[in-house]
Amino acid sequence: MNMIFKDDTLYIDLKGDMDIVDLNILKERIFSVLSQYSIDNIVLNTNGAFNLNRRAINSIKREYQSKYFGSFKIL
């Protein structure tokens with residue numbers, strides 16, 4: 001997983017096997033960064049990931065949208 005902040009957007013690239021444990025770690029990292037920095041947008045690139053639990057990804061997106069007013073895009 002790579003995280004890059006550029007132009008008010010946090011870009012996250014997921015690679016490899018992303019099981020539920022990895023997605024929980026992702027969630028913790030995202031919300032940790034958001035608590036420290038003012039970030040308006042998140043772009044989550046899932047093209048390099050496999051065994052990805054879409055329900056868990058959508059749950060992270062819903063939680064983000066309930067707490068913040070930026071955009072959260074899943075590619």
Side-chain angles (χ1 to χ4, degrees):
M1 165 185 4
N2 294 323
M3 297 177 109
I4 299 169
F5 178 70
K6 180 180 173 186
D7 299 327
D8 292 329
T9 302
L10 180 63
Y11 296 93
I12 305 166
D13 291 324
L14 300 182
K15 298 186 190 270
D17 189 9
M18 296 297 296
D19 62 13
I20 197 71
V21 172
D22 295 317
L23 292 177
N24 284 332
I25 292 169
L26 169 68
K27 178 182 171 181
E28 289 174 14
R29 288 183 183 171
I30 288 172
F31 287 106
S32 174
V33 169
L34 292 173
S35 71
Q36 296 176 35
Y37 303 100
S38 176
I39 297 174
D40 294 329
N41 305 301
I42 295 178
V43 175
L44 183 62
N45 182 358
T46 61
N47 292 331
F50 55 92
N51 291 333
L52 190 62
N53 185 323
R54 289 285 175 186
R55 292 179 96 180
I57 291 290
N58 288 329
S59 174
I60 294 170
K61 180 178 180 177
R62 279 191 306 276
E63 186 172 341
Y64 170 83
Q65 291 173 331
S66 73
K67 294 179 180 181
Y68 301 96
F69 297 104
S71 72
F72 191 112
K73 295 181 184 178
I74 302 171
L75 307 176

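Residue Ile39 comes nearest to Tyr64 through the heavy atom pair O-OH, 4.3 Å, listed as atom of the first residue, atom of the second, then distance. Considering all non-hydrogen atoms of both residues, Leu75 and Val43 come closest at CD1-CG1, 3.7 Å.
Proximity of Tyr11 to Asn45: side-chain heavy atoms (C-beta onward) are nowhere separated by under 4.5 Å. Counting heavy atoms from C-beta outward, Asp22 and Leu14 have side chains that stay 4.5 Å or more apart. Side-chain contact between Ser32 and Arg29: absent, with no pair of heavy atoms (C-beta onward) separated by less than 4.5 Å. The side-chain heavy atoms of Met1 and Ile12, taken from C-beta on, include a pair separated by under 4.5 Å.
Between Asn41 atom CG and Tyr68 atom OH the span is 13.5 Å, to the nearest 0.5 Å. Put simply, CD1 on Ile60 and CD on Glu28 are 10.0 Å apart, with the number rounded to the nearest 0.5 Å. If you take CD1 on Ile74 and CD1 on Ile57, they are separated by 6.0 Å, rounding to the nearest 0.5 Å. Between the NZ atom of Lys15 and the CG atom of Asn2 there is a distance of 6.0 Å, given to the nearest 0.5 Å. Once rounded to the nearest 0.5 Å, the distance linking CG of Asp40 with OG of Ser71 reads 8.5 Å.
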>> Applying side chain to side chain contact (heavy atoms under 4.5 Å, CB included) to Leu23 and Met18, what does each step give before you reach the verdict?
In response: CA-CA 6 Å; Leu23 292 177; Met18 296 297 296; 4.1 Å; yes
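The cluster map of Ile, Leu, Val, Met, Phe, Trp and Tyr, joined by side-chain heavy atoms under 4.5 Å apart, puts Leu52 and Leu26 in the same cluster. Placement of Tyr37 and Ile30 within a single hydrophobic cluster is found when ILVMFWY residues are connected by side-chain heavy-atom separations under 4.5 Å, directly or transitively.
Hydrophobic cluster membership of Val21, counting Ile, Leu, Val, Met, Phe, Trp and Tyr whose side-chain heavy atoms lie under 4.5 Å apart directly or via other members: Ile20, Ile25.
Put simply, the side chain of Thr9 never gets that close to the backbone of Ile42: no donor and acceptor are under 3.5 Å apart.
The salt bridge (Lys or Arg N to Asp or Glu O under 4.0 Å) test applied to Lys27 returns Glu63, not counting sequence neighbours.
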